[in-house]
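One structure is given below, encoded as C-alpha cells.
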Amino acid sequence: MISGRTLAQGAGCEDKMSRLYIDEVSCCYLSEEDYRALGLSDGMNLLLTSPHGSAVLRAGVDKGLPKGMVFIPMGPWANMLTGTDTKGCGMPGFKGVEVEVTPTDEKVLDIRELMLRGR
Amino acid sequence: MIIKGGIVYDPANGIFGEEMDICIENGRIAEDAGGEVIDARGLLVMPGGVDAHSHIAGPKLNTGRIMRPDDSRMGTEPRTGVCRPSTGYTVPNCYAIGYRYARLGYTTAFEAATPIIEARHTHEELEEIPIVDKGALTLFGSNWTVMECVRENDMEKLAAYVAWGLRAARGYGVKIVNPGGGEAWGFGSNVKSIHDPVPHFDVTPAQIIRALAEVNERLRLPHSIHLHFNNLGRPGNYTTAIETLELLKDIKPSRMRQVVHVAHMQFSAYGGTGWKDFESKASVIADYFNQTDHATMDLGQIIFGPATTMTADAPLEYANARIGHQKWSNHDIELEESSGVVPWVYMRKMPVNAVQWAIGLELALLTKDPWKVVMTTDHPNGGPFVNYPEIIALLMSREKREEEMKTLHEVVRSRSTLPSIEREIDWSEIVIMTRAAPARILGLEDKGHLGIGADADISIYNIRPDEIDPSKDHAKVKAGMSRAKYTIKGGAVVVRDGEIVAAPQGRTYWVDAAVPERDMDRMLSSLKEKFERYYSIRMSNYMVQDAYLSNPFVVRAGVQPLKEVI
Amino acid sequence: MRLQIEDVLCTFCGCLCDDIRVEVDGGRIEKVRGACRLGSSKIMGHSRIKSPMIRVNGELREASYEEAYRKAAEILVSAKHPLLYGWASTTCEALKKGILLAEEIGGVVDTTATVCHGPSIIGIEEKGLVGSTLGQIKNRADLIVFWGCNPSEAHPRHTLRYSSNASGRFIPEGRKDRKVLVIDVRETRTARNADRFLRIQPGTDYEMISALRMIIGGKAESLPEDVAGVSRKELVEIAEMMRSAKFGAIFFGLGLTHSRGRYKNVDNALSLVSELNSHTKFVIMAMRGHYNVTGAGQVLAWSSGYPMAVDYARGAPYYNPGETSCCDLLSRRDVDAAMIIASDPASNLPRGCVEALAEMPVIQIDPFENPTTFFADVVIPSAIAGIEAEGTAYRMDGLSLRLRKLVDTEYPSDVEILQAILDNVRRLRDDN
Ligand code: SF4
Ligand SMILES: [Zn+2]
C-alpha cells in the first residue's frame with residue numbers, strides 16, 4: 001500500500017470536514033486487474049488489514065497503478081494502516097506497507113466514528 | 001555615565017593610550033555627564049569593535065546550519081535570564097552571534113554579501129541578532145541588469161539600478177564577488193581572468209568592476225565598492241589581484257576614503273602554479289598597498305580547526321568540495337548570483353593551510369599603514385570571529401608567532417616571509433585595525449572613535465596597558481581580549497565581567513541614494529520587463545518591506561530624492 | 001466598494017504563487033483569479049471555527065479568548081514535556097513566538113516536515129544540497145525530472161510557473177525547449193504529460209539512483225542486465241538524457257522520503273546530482289508541501305541551529321530526529337501535552353500516534369475545524385495568514401516573501417494568540 005497526495009485530497013486538506021475531502025481520503029485505489037480479480041464493482045467496500053491496524057474503505061480503480069499495489073490518498077484512513085516505527089529518522093512508513101485486501105459488506109465509518117473508534 | 005581613569009586609545013582623534021575620563025549622554029559621547037560611574041582605572045579603553053566583513057545573516061548561513069548539525073552541537077549554551085540559548089561554533093545561531101560579538105567588545109558587524117532577491121531573509125536574521133548594530137552589503141557582480149547596462153555603457157541607468165537595488169535590499173553598499181562568474185556558473189562554467197567575457201552577456205569582469213566603481217562614486221555612497229576578486233582561492237592569483245587593483249587607480253573617490261575595499265585579501269595573495277608549489281605572495285601585495293592609496297583590505301586570516309566556507313563564488317565552492325571531499329551545497333539565484341557552502345578544516349600540518357595562515361599575518365605586518373588593514377577572518381570562511389583575540393595576540397607578539405610556527409608544517413618557513421618579520425603591532429594599531437579603520441572604510445562617521453558626538457560604543461578590557469608587555473604576555477592579551485570587562489553599546493552596559501547583562505536591539509544601516517528621476521524611469525521600464533519575463537516573483541513582492549527593519553538607520557547619498565517606485 | 005488586489009500570494013502549497021488577483025467587496029473576498037483549484041478554494045474560504053472552545057466533561061463548550069488563553073497556559077505550565085507541533089501553514093512570525101514559548105516552558109518544537117521532507121533534511125545533513133531558485137530553472141533548465149512527485153495534483157501551477165511549461169531567457173519556447181522525465185511507481189497525471197516515463201517497482205528508488213550513479217561514473221558494464229525490473233539499456237538512456245542536458249533539474253517528492261530507504265534515498269539522489277555536476281549543470285529540489293514548511297525550517301535553524309524536532313527541555317536546543325521528532329515522541333509517550341498549530345496530526349500521523357494524542361491534553365490553534373478537533377481540550381480559532389493577517393513565508397526554493405492582509409477579521413492572528421498564551425504562562429509562573 002502506498003499513500004500520496006491527490007488534487008481533491010489537497011483541495012480539502014484545509015477543509016477537513018468537507019464531504020469532498022472525506023470521500024477522497026476514504027477511498028482506496030487498485031489496478032484494473034486486481035479490481036476485476038476481486039470481483040469489485042461501483043459502490044463496493046474493501047477491508048484493508050495491515051500489521052498495524054485495519055479499516056474499511058470504498059474501492060476504486062486507478063489505471064496508472066500496477067498489479068498488486070493499493071493507493072490511498074493521504075489522510076486518516078491510510079493512517080489506520082501505517083505503523084509508528086520511524087527507523088530512527090522521525091518518518092513513519094507511509095509507503096510500502098503490506099496490506100491484505102478483502103471485499104466486505106461493512107460500511108465505511110464516518111470521520112468521527114473512525115477517529116474515536118475504540119475510545 | 002562616566003568612565004573614569006581608563007587608558008584610552010582613540011587613534012582617530014590622536015589619542016594613543018592616555019589616562020582620561022569618557023562621558024556619555026543619550027547614547028553618545030559628551031563633554032560631561034552625570035549618572036553611573038564606571039571605574040576603569042588603569043584599564044584598556046577603546047571604541048567598540050567594528051567588523052567590516054563577516055557572514056552573519058542570510059540564506060547561506062542557514063544553509064550552513066542545516067547541513068551542519070555537527071557544528072550546531074558545538075558551543076551550546078543554555079538560556080539565562082537575559083540571553084536566549086546559543087548554539088554553533090562556525091555557524092552560530094543568531095543569538096550567539098550577537099552575544100559573542102558583544103563579549104569580544106564588538107558593537108557593529110556588517111554582513112558582507114546578500115543577493116537582492118534574498119535580502120528579506122537576510123534582514124529576518126539580522127533582526128534576530130541582538131545587541132550589535134549591523135548592515136548588509138548587496139551583491140551586484142553577476143546581475144543581468146548590471147551587465148546589460150555595462151554592455152550598453154549606460155552609466156546613468158546603472159547608477160539608477162544600483163540605487164534601486166540598494167533600496168530594494170535595504171543594503172549598505174556594493175559588493176562584487178567573482179564578477180561575471182556567478183552568471184557563467186548558471187551553466188556550470190566560470191570566468192578565468194578579468195578579461196574573459198561572460199558567456200551570453202558580452203562584457204568582461206574588468207568592465208563590470210570598473211563600471212560599478214564609477215557608479216559607486218557617482219552615487220557618493222558611504223562605502224566604496226567591496227570586491228572579492230576573480231580567481232580567488234587559486235594558486236597564482238596574486239596577479240589577478242594586482243591587475244584588478246590597477247584597473248581602479250585613476251578613479252576619484254567621492255568621499256574621504258578608498259576607491260576599492262578588497263575582501264579577505266589572504267585568499268587572493270597566492271603564488272605558485274598549483275597546490276604543490278603553492279606559496280605566499282603577501283609581500284608583493286603589501287608592497288602594492290604601500291605604494292598606492294586607492295585600496296584597503298580586510299585580512300581573511302585563517303584559524304586552525306573547523307570553518308564553514310560560504311560565498312557567492314559558487315565555482316570556488318564546487319572546487320573546495322572536490323578538493324576536500326566534503327559535502328557541498330550550491331545555490332544559484334535567478335538573474336543575480338550563485339553561491340555555495342562547504343564545511344572545512346584548516347590543519348596545522350597541511351602545507352597549504354600553514355602558508356595561508358602565514359599570509360594573513362604577513363599582510364597585516366607588511367602593510368605599513370594600519371588604516372589600510374581590517375582584521376577579519378572572513379567569518380566563518382577562515383574561521384569563526386570568536387578567534388579575533390588569537391589574531392591580536394599573534395600580531396602583537398613575535399614570540400607567539402614563533403611558538404605557533406613550531407607546530408606547523410615546515411613550509412611555513414620557506415614559502416612565506418613570516419619568520420623574518422620582526423614587527424609587533426601596538427595597541428594603537430590594533431585599535432585602528434579593529435575599530436577606526438573599518439569604521440572609516442565603511443563610512444560610519446559616528447563609529448570607530450570616541451570624539452564628542454560619536455556613538456557611545458565602548459569596550460573596556462581587563463588589561464593594564466601600562467603594566468603588561470604584549471610581546472611577552474601574549475597569553476594575557478588573548479585572555480583579556482576574549483572577555484570584555486565592559487561592553488557599552490549606545491550608552492548602555494551590555495557586558496559586565498564577560499557576561500551579557502542586557503541585550504537591546506541594535507540598528508540596521510542602509511543607504512538611500514538619489515538619482516535623477518528620468519534615469520530611474522528609464523531603468524524601471526527595462527527592469528519591469530525582466531520581472532514579466534524572467535523573474536519567478538512579481539516586482540511588487542520583491543522589495544524588502546519596512547516591517548523587516550524594526551530599528552533602521554538610513555544613510556543618505558546621491559543628489560536628489562529617489563522617486564518612490566512602489 | 002469593490003477592490004482589486006494584485007500580486008497576492010497563495011498560502012496553500014510550497015509554490016507560494018505570488019501573482020494571484022483577488023477581488024474584495026465590502027470586506028469579503030468575491031473572486032479569485034489566477035490561482036489553481038487548490039489555491040482558490042483556500043482563498044475563497046469555507047466554514048470556520050466560530051469561537052474558542054474548552055472541553056468540559058467530554059464536550060467542547062464555547063469560551064472567551066481570555067479563558068482559552070488561560071486554560072492553554074495552564075496546560076503548558078503543568079506539563080513536564082509539551083510538544084508544540086505544526087507551523088507549516090502559518091507565518092514565520094508565529095513560529096518565532098512559538099520558539100520563545102518553547103524556550104520558556106522547556107517544550108519541543110516540531111514541524112510537519114518530520115513526516116514529510118524530514119528525511120530530505122537528514123539527507124542534506126549528509127551530503128549538502130545542490131540547488132537554485134525556481135527562476136534559475138525557469139530560465140535555464142532543458143531537462144526537468146520529477147521523481148516520486150506529482151505536481152499535476154499536489155502543486156498544480158508548478159509546471160506553468162517554474163518548470164516544464166514555463167519559458168525563460170535561455171528557454172524561449174518553454175515546453176518545446178525542454179525534456180520532461182518522470183520516475184514513479186504509478187503512472188500519474190504528471191507522468192502522462194512527460195516525454196518519458198520510467199516506472200519503477202515500489203521501494204526500489206535507491207537501487208535506481210545507485211545504478212544511474214554507476215553509469216554516470218563510467219561503470220555501466222558492472223551493472224546487471226536488469227536492475228529491480230528495469231533494463232540496463234533503459235537506465236543507460238536515462239543517464240544519457242541527464243548527462244547531455246545543459247541544465248538539469250530534479251524535483252523529488254514523498255515518493256523518495258516515504259518509501260523504503262527514506263533519507264538514504266534522498267542522500268543518494270543528492271550524490272547523483274553532485275556527481276552530475278562533473279559533467280554538466282544539475283540542481284535538485286524537494287517539492288515542499290505546505291506553503292510555509294520551508295519557512296518553519298528556516299526560522300528554527302536561525303533560532304536554534306536545527307531545522308525541525310528541537311527539544312528545549314534542557315534549556316538549550318537539542319536535536320535528534322528519531323528521538324525528538326513528533327512521531328517518536330508520541331509513540332513513546334515521551335510528551336505529556338500538545339499544542340497543535342495550523343495542522344492536523346489526527347489525520348496525518350499513524351494511528352498509534354493519534355492514540356497517544358488522545359490520551360493527553362491538546363490545545364488546537366487553527367482557523368478551521370479538522371479531525372484533531374475531536375481530541376482537543378482547548379480550541380482557539382485564528383485569522384488566516386495571508387488573507388486576514390500579514391507575515392512572512394518561504395517558498396519551496398527558500399525564497400522569502402511577504403504575505404498580505406486582504407480583509408479585516410475579528411479573529412486574532414496566530415502571533416497575537418501565541419503572545420497572549422506566553423503572557424499567561426509568565427503570569428502563572430510569577431504566581432507560583
Ligand atoms: S500552485 Fe500552490 S501556491 Fe500556486 S495557486 Fe496552486 S495551491 Fe496556490
Ligand atoms: Zn566574505
Side-chain angles (χ1 to χ4, degrees), chain A residues 1-18 20-22 25 29 31 50 52-55 62-66 68-69 71 73-97 111-112 114-119, chain C residues 12-13 37-38 41-42 46-47 89 114-115 118-119 122 150 152-154 156 185-189 191-192 199 201-203 253-255 257-260 262-263 289 308-309 321-328 330-331 344 346-354 358 367-371 374-375:
Chain A
M1 182 278 281
I2 59 171
S3 61
R5 293 198 179 116
T6 66
L7 199 59
Q9 170 265 336
C13 102
E14 291 201 21
D15 190 6
K16 290 278 179 58
M17 300 317 204
S18 69
L20 175 81
Y21 171 78
I22 289 168
V25 299
Y29 296 91
S31 69
S50 83
H52 315 290
S54 63
D62 179 344
K63 293 207 179 82
L65 280 173
M69 199 189 299
F71 176 81
M74 285 197 293
W77 273 266
N79 280 325
M80 287 289 158
L81 306 168
T82 53
T84 56
D85 184 3
T86 75
K87 303 260 195 304
C89 80
M91 171 69 81
F94 287 119
K95 295 195 203 290
V97 183
I111 178 89
R112 195 182 181 90
L114 179 86
M115 296 309 296
L116 301 177
R117 190 173 72 178
R119 291 199 73 225
Chain C
F12 189 85
C13 86
R37 193 172 135 200
L38 299 178
S41 80
K42 168 152 188 190
H46 47 77
S47 70
S89 292
T114 47
V115 292
I122 300 174
N150 183 10
S152 300
E153 310 228 21
V185 296
R186 59 186 184 114
E187 192 178 350
T188 58
R189 215 188 289 186
R192 279 172 225 137
R199 187 205 291 277
Q201 299 295 317
L254 306 184
T257 65
H258 276 180
S259 56
R260 191 168 70 96
R262 295 174 215 187
Y263 78 91
M308 56 185 180
E323 178 191 350
T324 55
S325 25
C326 74
C327 187
D328 304 274
L330 288 168
S331 65
D344 179 20
S347 301
N348 301 336
L349 296 182
R351 181 68 183 172
C353 300
V354 181
F368 311 112
E369 192 185 352
N370 63 36
F374 297 138
F375 304 102

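Per chain, numbering begins at 1; letters A, B, ... match sequence-line order.
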Inset, instruction - Check whether Pro156(C) gets within reach of chain A through its side chain, its backbone, both or neither, counting any heavy atom under 4.5 Å. - result: side chain

Inset, instruction - Side chain from CB out, backbone as N, CA, C, O: work out which of these in Val115(C) comes under 4.5 Å of a heavy atom of chain A, or both, or neither. - result: both

Inset, instruction - Go through the structure and list residues passing salt bridge (Lys or Arg N to Asp or Glu O under 4.0 Å) with Arg37(C), not counting sequence neighbours. - result: none

Legend entry - Lys95(A): partners by salt bridge (Lys or Arg N to Asp or Glu O under 4.0 Å), with sequence neighbours left out: none

Legend entry - Smallest separation among heavy atoms of Pro371(C) and Ile111(A), with atom names: CG-CD1, 3.7 Å

Inset, instruction - Identify which part of Leu330(C) has an atom lying under 4.5 Å from any heavy atom of chain A, answering side chain, backbone, both or neither. - result: neither

Inset, instruction - Please look at Leu114(A) and chain C and tell me whether the side chain, the backbone, both or neither of the residue comes under 4.5 angstrom of a heavy atom of that chain. - result: backbone

Legend entry - Interface moiety of Ile2(A) toward chain C, non-hydrogen atoms closer than 4.5 Å: side chain

Inset, instruction - Would you check if the side chain of Arg199(C) reaches a backbone N or O of Gly64(A) as a donor-acceptor pair within less than 3.5 Å? - result: yes

Inset, instruction - Please determine, among Thr82(A), Thr84(A), Val97(A), the option with the most heavy-atom pairs under 4.5 Å with chain C. - result: Thr84(A)

Legend entry - Backbone N/O of Met115(A) and side chain of Arg351(C): donor-acceptor pair under 3.5 Å: yes

Legend entry - For chain C, the option from Gly93(A), Pro76(A), Gly96(A) that forms the most heavy-atom pairs under 4.5 Å: Pro76(A)

